Asker: 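My structure is below; once you've seen it, I'll send some questions.
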Amino acid sequence: MKAIIDCNNFYCSCERLFRPELRNKPVVVLSNNDGCIVSRSDEAKYAGVPMAAPFFESRSIIALHDIAVFSSNYNLYGDLSWRVMETLRMIAGKENVEVYSVDEAFVDLSAVPVKELPTIAKKIKKTVEDWTGISVSIGVAPTKTLAKLANYIAKKDKKATGCITVLATRQEQQKALQQTRLANIWGVGGAYANKLYNMGIFSGWDLASMPDYWMYKNMGGVVGSRLLKELNGEPAKDMEEELVTKKVIATTRMFGSPVGDIASIREAVATYTSRAAEKLRRQHSAAKTISVFVVANEENHNVNYHGATHSDSFTLPAATSFTNELIKPAIEIVDTLYKPGMLYKKAGVMLSGIVPDNSIQANLFLPETKNCERKLMDMIDNVNFSQRDDVLKFAASGTVRNWKMQQNHISPRYTTRWNELYEVS
DNA sequence: TCTGGGGTCCTAGGACCC
DNA sequence: TCTGGGGTCCTAGGACCC
């Protein structure tokens, strides 16, 4: 059996942890640049705030219900996420935990007798909540997909389930599948859901009853076959090893407001490159190819028009993880993409052709300067990581940074900065 | 006029996830 | 006026090779 442990309204819970007066009050958290609503407390959901909708569209409903608004504070969420995951690793054993996202983890419970699953789930829930202050929901079932389904049911009616649902028998699974619409099944997105509704397939159970060749043909080949197995209790998505190395590393951002001067765009791209290189070094990799794109801020021609994207890439003579070696080609690409007189609203950097970094330790065969650069990178990463912020940066990244995103409702970094520490009076 | 068979690698695009 | 960011996997199709 597998469990999925999912933090309830994670970003909102993090904010409320340090603002106890907001407990039982409606709260929302915004995406980068204060663009969309990405997390809502239960009270905000009841008030009718839609998920993933633009912030400005909900302003009136937010004012009406006196809803607390926060810009996203990734320093805070990252730190609390780490605490939750550490707790799970301590309870279940490191090798049985797969961190799936910032607020979710799968836990392998195959060693636990079926009878004891509800008790264990309760224990996990209580421990995480006692140790971190973050409430969680838990779904348990034989496969990852059914565990996600169990978790969906646990969250849907928190009072009835106590935020825990175990689907151990086929009868329980059948009932759950029958009462769940397709779009809420893990692995069925909007495009497939519409297609299936038009074919007269509505519930998870309908889908689980289709033949394999049909799933292969209509649901994306082997992806569909795997989904069918998972729905029928046969694991097709295994627990994954921790520390899988990413194959693409991207850092992309909207600007706070449209930007026209090339100096700012160079700064932004240099900054994104630094961040991407940092992610690269964290997984002990080096990249061979860097691509850069900019998105123009053009007039809207239709609803779905998001402006023209211009991109180019550069393949390095050898894979590297050194920020300075990546910034140089990145800025050269900016210079070829940039058109004077144009306004831009977004830029991004992508690193690919990722290979293990073989110069992590001082390398006898490299010139001494290379080994110094490696030490320099390590030092920069250590300082920036301990502060959870860019204390040290390359000059190309700029100091004024007037292209930076808007964060008009940001909360303090309570847990990662001494001078922003939560105070008890 | 007639034009093989089998393979690899790469890229773009579509679907999905949180 | 104002709509995020960062990933994954898979397939199809083209280029190229012998």
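To find a chain, count down the sequence lines: A is the first, B the second, and so on, and within it residues start at 1. These numbers were taken from a predicted model, which means no experiment stands behind them. Side chains are part of it too, since the values below use all heavy atoms of this structure and drop only hydrogens, waters and symmetry mates.
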Asker: So, E129(A) and S135(A): side-chain donor and acceptor under 3.5 Å apart, yes or no?
Answerer: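 There is no such pair between these side chains.
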Asker: Report the distance from atom CD of Q406(A) to atom P of dG4(C), rounded to the nearest whole Å.
Answerer: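 Spelled out: CD on Q406(A) to P on dG4(C) is 12 Å.
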Asker: Between dC18(B), dG4(C), dC10(C), which nucleotide gets closest to the side-chain atoms of V222(A)?
Answerer: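 In terms of side-chain proximity for V222(A), the closest of dC18(B), dG4(C), dC10(C) is dC10(C).
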Asker: Given dC16(B), dG7(C), dG4(C), identify the nucleotide with an atom nearest to the side chain of A191(A).
Answerer: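 Looking only at heavy atoms from C-beta outward on A191(A), the closest nucleotide is dC16(B).
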Asker: Looking for any heavy atom pair under 4.0 Å, which part of the strands does K279(A) touch: base, sugar-phosphate only, or nothing?
Answerer: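 Counting heavy atoms under 4.0 Å across all strands, the contact made by K279(A) is with sugar-phosphate only.
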Asker: Taking the side chain of W186(A) as heavy atoms from C-beta outward, which of dT3(C), dC17(B), dC16(B) is closest to it?
Answerer: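 Among the listed nucleotides, the one closest to the side chain of W186(A) is dC17(B).
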Asker: Classify N33(A) by what it touches in the nucleic acid, base, sugar-phosphate, or nothing, heavy-atom distance under 4.0 Å.
Answerer: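 Since no nucleic acid heavy atom lies under 4.0 Å of N33(A), the category is nothing.
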Asker: Could you tell me the separation between the OH atom of Y11(A) and the P atom of dG6(C), rounded to a whole number of Å?
Answerer: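 After rounding, the reported distance stands at 11 Å.
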Asker: For the side chain of N32(A), counting heavy atoms from C-beta on, which of dG5(C), dC10(C), dC16(B) is nearest?
Answerer: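 The answer is dG5(C), which lies nearest to the side chain.
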Asker: Pick base, sugar-phosphate or nothing for V248(A), based on heavy-atom distances below 4.0 Å to the nucleic acid.
Answerer: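 Touches sugar-phosphate only.
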Asker: What's the CD-P distance between E240(A) and dC18(B), to the nearest Å?
Answerer: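 That distance rounds to 15 Å.
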Asker: So what does Y192(A) hit on the nucleic acid, given a heavy-atom distance under 4.0 Å: a base, only sugar-phosphate, or nothing?
Answerer: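 It contacts sugar-phosphate atoms only.
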Asker: Base, sugar-phosphate, or nothing for D34(A), non-hydrogen atoms under 4.0 angstrom?
Answerer: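 No contact.
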Asker: How would you label the contact of G348(A) with the nucleic acid (heavy atoms, under 4.0 Å): base, sugar-phosphate, or nothing?
Answerer: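 No contact.
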Asker: Between atom OH in Y100(A) and atom C1' in dT8(C), what is the gap in whole Å?
Answerer: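 Rounded to the whole Å, the gap is 8 Å.
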Asker: Taking for each residue the nucleotide of DNA chain C bearing the nearest heavy atom, is the 5' side occupied by M405(A) or by V223(A)?
Answerer: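 Between the two, 5'-proximity favours M405(A).
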Asker: Answer with base, sugar-phosphate or nothing: what part of the nucleic acid does T251(A) contact at a heavy-atom distance below 4.0 Å?
Answerer: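 Result for T251(A) = sugar-phosphate.
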Asker: Is the phosphate of dG5(C), meaning OP1 or OP2, less than 4.0 Å from a side-chain N or O of K346(A)?
Answerer: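 Answer yes for this pair, as a side-chain N or O of K346(A) is under 4.0 Å from OP1 or OP2.
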Asker: Take atom CD1 of I37(A) and atom P of dC2(C), then tell me their distance rounded to the nearest Å.
Answerer: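 From I37(A) CD1 to dC2(C) P: 17 Å.
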Asker: Nearest to the K247(A) side chain among dA15(B), dT8(C), dG4(C), which nucleotide is it?
Answerer: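 That would be dT8(C).
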Asker: Counting the atoms with a prime plus P, OP1 and OP2 as sugar-phosphate, which does L30(A) contact under 4.0 Å by heavy atoms, base, sugar-phosphate, or nothing?
Answerer: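 Nothing, no heavy atom under 4.0 Å.
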Asker: Counting only side-chain heavy atoms from C-beta out, which of dT11(C), dC16(B), dT3(C) sits nearest to Y216(A)?
Answerer: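 Closest of the options to the side chain of Y216(A): dT11(C).
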Asker: When you look at Y414(A) and N75(A), which way does the side-chain contact (heavy atoms from CB on, under 4.5 Å) test go after all the steps?
Answerer: CA-CA 9 Å; Y414(A) 300 107; N75(A) 288 285; over 6 Å; no
Asker: Does E104(A) come within less than 4.0 Å of K148(A), counting only side-chain N to carboxylate O?
Answerer: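 Yes, E104(A) and K148(A) are salt-bridged.
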Asker: From OH of Y74(A) over to P of dC18(B), roughly how many Å is that when rounded to an integer?
Answerer: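 Going from OH in Y74(A) over to P in dC18(B) covers 16 Å.
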Asker: Roughly how many Å is it from NZ in K144(A) to C1' in dT8(C), rounded to a whole number?
Answerer: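 Computing the K144(A):NZ to dT8(C):C1' distance gives 12 Å.
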Asker: Would you indicate what I185(A) reaches in the nucleic acid, counting non-hydrogen atoms under 4.0 angstrom: base, sugar-phosphate, or nothing?
Answerer: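 Sugar-phosphate, no base atom in range.
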Asker: On the nucleotide dC17(B), are OP1 or OP2 found under 4.0 Å from the side-chain N or O atoms that K148(A) carries?
Answerer: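 Result: no.
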Asker: Is there side-chain contact between V69(A) and F55(A), with heavy atoms separated by less than 4.5 Å?
Answerer: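 Contact flag for V69(A)/F55(A) side chains = yes.
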Asker: Of the listed nucleotides (dG7(C), dT3(C), dG5(C)), which one gets closest to any side-chain atom of P54(A)?
Answerer: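 Of the candidates, dT3(C) comes closest.
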Asker: Whom does dA12(B) pair with, Watson-Crick or G-U wobble, provided both distances fall under 3.5 Å?
Answerer: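 Pairing partner, where one exists within any strand: dT11(C).
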Asker: In plain terms, say whether K94(A) and E86(A) are close enough for a salt bridge, that is, a side-chain N and a carboxylate O under 4.0 Å apart.
Answerer: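 So K94(A) does not pair with E86(A) through a salt bridge.
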Asker: For dT3(C) and K345(A) - does any side-chain N or O of the residue sit under 4.0 Å from the phosphate oxygens OP1/OP2?
Answerer: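 So the side-chain polar atoms of K345(A) never come under 4.0 Å of the phosphate oxygens OP1 or OP2 of dT3(C).
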Asker: Between F255(A) (CZ) and dT1(C) (C1'), how many Å, whole number?
Answerer: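 That distance rounds to 19 Å.
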Asker: Under 4.0 Å between any heavy atoms, over every strand shown, what does R253(A) touch: base, sugar-phosphate, or nothing? Just pick one.
Answerer: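 If one applies the 4.0 Å heavy-atom cut-off, R253(A) turns out to touch the sugar-phosphate alone, with no base involved.
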Asker: Kindly point out which of dG7(C), dG4(C), dC18(B) is positioned nearest to the side chain of D103(A)?
Answerer: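 Shortest atom-to-atom distance from the side chain points to dC18(B).
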Asker: May I ask you to verify if any side-chain N or O of R226(A) is less than 4.0 angstrom from the OP1 or OP2 atom of dC10(C)?
Answerer: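 It does, given that an N or O in the side chain of R226(A) lies less than 4.0 Å from OP1 or OP2 of dC10(C).
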Asker: Answer yes if the side chains of R170(A) and N232(A) hold a donor-acceptor pair under 3.5 Å, and no otherwise.
Answerer: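 Yes.
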Asker: Looking at D79(A) and R413(A), is any side-chain nitrogen of the basic one under 4.0 Å from a carboxylate oxygen of the acidic one?
Answerer: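 Between D79(A) and R413(A) there is no salt bridge, as every charged N stays at least 4.0 Å from the carboxylate O atoms.
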Asker: Is T252(A) near enough to dG6(C) that one of its side-chain N or O atoms lies under 4.0 angstrom from OP1 or OP2?
Answerer: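 Affirmative; the distance criterion is met.
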